[in-house]
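To keep things clear, I will list the structure first and then write my remarks on it.
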2 protein chains.
Amino acid sequence: MKHTYEYPRAALTVDCVVFGFDSTQAALQVLLIRRGLAPFKDHWALPGGFVRVEETLDEAARRELEEETNLSTVFLEQLYTFGTVDRDPRERVVSVAYYALTKPADHTTAASTDAAEARWFPVSDLPPLAFDHAEIFATALARLRGKLRYEPVGFELLPPKFTLTQLQRLYESVLGTPLDKRNFRKKVLSHDLLVPLKETHREGTHRPAQLFRFDPVRYEKLKKKGFLFEI
Amino acid sequence: MKHTYEYPRAALTVDCVVFGFDSTQAALQVLLIRRGLAPFKDHWALPGGFVRVEETLDEAARRELEEETNLSTVFLEQLYTFGTVDRDPRERVVSVAYYALTKPADHTTAASTDAAEARWFPVSDLPPLAFDHAEIFATALARLRGKLRYEPVGFELLPPKFTLTQLQRLYESVLGTPLDKRNFRKKVLSHDLLVPLKETHREGTHRPAQLFRFDPVRYEKLKKKGFLFEI
DNA sequence: CCAAAAGTGTTCAGGCTACACCCATGT
DNA sequence: ACATGGGTGTAGCCTGAACACTTTTGG
């Protein structure tokens with residue numbers, strides 16, 4: 001069935017910048033898919049696709065994420081809308097970009113899916129991207145950096161149980177600067193949002209590390225009182 | 001001429017939240033237009049309209065602003081894209097919202113224009129708005145509050161020459177809290193971004209106030225060195 | 001001389017930075 | 001016993017908050 005309008009209309013898509021964190025390599029990563037069709041056939045691109053007329057933008061982003069990368073229940077937030085006229089060579093396409101944060105547990109399921117090839121790349125070493133996806137990615141990374149400083153989103157990138165060193169490595173690789181161990185620990189613990197568990201993380205030939213979990217309930221309470229995370 | 005597509009497409013619009021500041025009343029204001037057509041006929045709404053297929057989103061926002069309110073050369077930044085399915089009763093409409101900051105000099109020209117009636121309203125006393133424009137406005141105000149704390153955008157709302165008291169009143173009415181006069185002056189002057197002029201602002205029966213201007217060149221230099229405004 | 005807003009410094013407390021050593025474990 | 005990362009405290013500095021009086025003008 002065809003659809004006819006008085007004036008020409010832009011096509012509307014969503015694109016997602018999906019971040020993941022590899023604790024063993026202490027590297028921030030992005031999920032890309034390889035395009036099977038022209039234009040930019042065989043190039044790497046952000047997962048995304050057309051917005052259906054009966055779904056919201058958020059729903060479209062979540063649907064595409066699930067279809068293309070098999071990820072669900074991730075942190076997802078709208079980023080920016082890209083609307084230069086020639087960003088797609090075929091026709092006018094306006095894209096609402098989102099960024100997503102995923103926990104490592106979801107990673108394995110992510111790669112093993114769908115028709116298109118999906119792969120994690122370290123943000124420090126990305127392949128050339130299709131369309132204006134490099135610009136979208138840069139915007140997302142800048143946003144993640146800003147967000148991480150003021151809101152506790154870092155936990156979205158770690159497993160439910162994590163060590164303070166893992167958290168510090170995450171902050172360091174996102175912000176791109178080394179942080180002082182003692183000051184970092186003092187600061188994050190001072191917020192009283194991390195609950196120490198009765199377990200430890202043992203790995204390698206050294207003292208085991210205390211495991212913590214993030215307390216989202218307590219965070220919601222603090223937020224209502226006009227609280228800033230600030231690290 | 002008709003335009004036909006394989007799948008139904010959402011219409012794409014831009015809407016602008018235009019802020020102004022009335023120094024004499026120390027009140028933050030928003031520019032609204034009265035709708036001449038259904039739906040929401042005679043309701044107040046944000047200025048905005050359809051995005052043409054050959055113009056970028058930024059261009060569309062600027063064009064609508066000029067057509068509907070006769071404002072040009074204002075600070076304009078993309079805010080958020082609103083895409084719930086039923087936000088427009090007629091059909092699916094996705095709206096890219098912008099917010100704009102205008103200097104008082106532009107205000108007079110703003111009201112006296114175009115077919116539709118345009119008026120400034122204090123943000124503390126808005127009429128009911130059409131569509132989901134109340135939500136868009138709330139998002140814009142929150143964004144302006146955040147932005148003002150970290151970037152020197154306040155000057156976009158003041159005339160080129162202004163007094164420190166005017167600047168303080170602006171901050172107070174946007175942030176919604178009274179500020180300490182001495183601390184405020186110390187802080188803003190410490191950034192070294194305000195240039196004292198050889199003129200004073202005389203008004204009423206009291207000591208005249210020093211006039212300042214903002215130094216955007218110096219700001220650009222500082223910004224490159226990773227500087228934060230922070231007030 | 002009175003009313004009204006402009007302009008100006010100091011003190012105190014709390015947070016940020018810098019910094020070095022002992023602890024628990026596996027081999 | 002040694003190698004490896006885990007874990008801890010303090011002192012100086014700087015920044016933010018609180019706070020009251022003098023100055024300049026017009027009427």
Side-chain angles (χ1 to χ4, degrees), chain A residues 22-27 148-150 158-159 161-173 175 177-213 222 225-231, chain B residues 22-27 148-150 158-159 161-173 175-213 222 226-231:
Chain A
D22 180 336
S23 274
T24 67
Q25 294 181 52
L148 197 63
R149 298 271 289 98
Y150 302 111
L158 289 176
K161 301 171 183 180
F162 53 87
T163 69
L164 291 184
T165 301
Q166 287 172 345
L167 186 63
Q168 184 178 343
R169 296 282 171 269
L170 166 61
Y171 271 79
E172 289 175 334
S173 52
L175 300 179
T177 50
L179 299 171
D180 180 86
K181 180 162 62 160
R182 278 177 285 192
N183 293 339
F184 180 83
R185 295 162 103 89
K186 238 180 302 172
K187 189 84 175 272
V188 297
L189 291 177
S190 75
H191 296 123
D192 227 27
L193 289 170
L194 297 191
V195 184
L197 302 174
K198 294 213 174 63
E199 299 168 70
T200 55
H201 176 75
R202 36 187 71 228
E203 174 201 56
T205 163
H206 54 81
R207 178 172 175 177
Q210 176 69 244
L211 283 168
F212 291 84
R213 68 173 179 85
L222 285 175
K225 295 181 187 166
F227 160 83
L228 262 187
F229 186 62
E230 287 262 0
I231 212 152
Chain B
D22 180 336
S23 274
T24 66
Q25 295 182 50
L148 198 63
R149 298 272 289 97
Y150 302 111
L158 289 177
K161 303 171 183 179
F162 52 86
T163 69
L164 291 184
T165 302
Q166 286 172 347
L167 186 62
Q168 183 179 343
R169 296 283 171 269
L170 166 60
Y171 271 79
E172 289 174 334
S173 53
L175 300 179
T177 49
L179 299 171
D180 180 87
K181 180 163 58 158
R182 279 176 286 192
N183 293 338
F184 180 82
R185 294 162 103 89
K186 239 180 301 172
K187 189 83 176 273
V188 297
L189 291 177
S190 74
H191 296 122
D192 227 27
L193 288 170
L194 297 190
V195 184
L197 302 174
K198 293 210 175 64
E199 300 169 70
T200 54
H201 176 76
R202 35 187 70 228
E203 177 201 54
T205 164
H206 55 81
R207 179 172 175 176
Q210 176 69 243
L211 282 169
F212 292 83
R213 69 173 179 84
L222 285 176
F227 160 84
L228 259 188
F229 186 62
E230 286 264 0
I231 210 152

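Computed over heavy atoms, backbone and side chain alike; hydrogens, waters and symmetry mates excluded. Letters A, B, ... mirror the listed sequences (proteins, then strands); counts begin at 1.
Residue Phe212(B) contributes atom CZ, which lies 12 Å from atom P of dA6(C) at whole-angstrom precision. The CG-P distance, from Leu179(A) to dA18(C), rounds to 11 Å in whole Å. Spacing between atom NE2 of His201(A) and atom C1' of dG7(D) amounts to 15 Å, rounded to whole angstrom units. If you take NZ of Lys181(A) and C1' of dG7(D), they are 6 Å apart, rounded to a whole angstrom. Ile231(B) has its CD1 atom 15 Å from the C1' atom of dT15(D), to the nearest Å. Taking atom CZ on Phe184(A) and atom P on dG7(D), their separation rounds to 13 Å, with Å as the unit.
When each of Ala209(B) and Thr205(B) is assigned the nucleotide of DNA chain C bearing its nearest heavy atom, the one mapping closer to the 5' terminus is Thr205(B). Nearer the 5' end of DNA chain C, as judged by each residue's closest nucleotide, is the contact made by Arg185(B), out of Arg207(A) and Arg185(B).
Considering only the side chain of Asp180(A), dC19(C) comes nearest among dC19(C), dT25(D), dG6(D). Closest approach to the Arg202(A) side chain among dA17(D), dA5(C), dG26(C) is made by dG26(C) (side chain taken as heavy atoms from C-beta onward). Here dG9(D) is the nucleotide among dG6(D), dG9(D), dG7(C) with the atom lying nearest to any side-chain atom of Asn183(A).
For the pair Arg149(A) and Leu175(A), the minimum side-chain heavy-atom distance is below 4.5 Å. Here the side chains of Phe229(A) and Leu193(A) are in contact, with some heavy-atom distance below 4.5 Å. Between Arg185(A) and Thr165(A), some side-chain heavy-atom pair lies under the 4.5 Å cut-off. Side-chain contact between Leu211(A) and Thr200(A) is absent, with no heavy-atom pair separated by less than 4.5 Å. Side-chain contact between Ile231(A) and Val188(A) is present, with heavy atoms from C-beta onward closer than 4.5 Å.
The shortest distance between the side-chain N/O atoms of Arg182(B) and the OP1/OP2 oxygens of dG9(C) is not below 4.0 Å. Taking 4.0 angstrom as the limit, Lys187(A) places a side-chain polar atom (N or O) nearer than this to OP1 or OP2 of dC16(C).
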Item to complete: Take Leu167(A) and Leu194(A) through the test side chain to side chain contact (heavy atoms under 4.5 Å, CB included) and record every step on the way to the result.
Response: CA-CA 11 Å; Leu167(A) 186 63; Leu194(A) 297 191; 4.2 Å; yes

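Using a 4.0 Å heavy-atom distance criterion, Glu203(A) is classed as making no nucleic acid contact.
At a non-hydrogen distance threshold of 4.0 Å, nothing from residues 164-173 of chain A comes into contact with DNA chain C.
The structure places NZ of Lys181(B) at 11.0 Å from CD of Glu172(B), a figure rounded to the nearest 0.5 Å.
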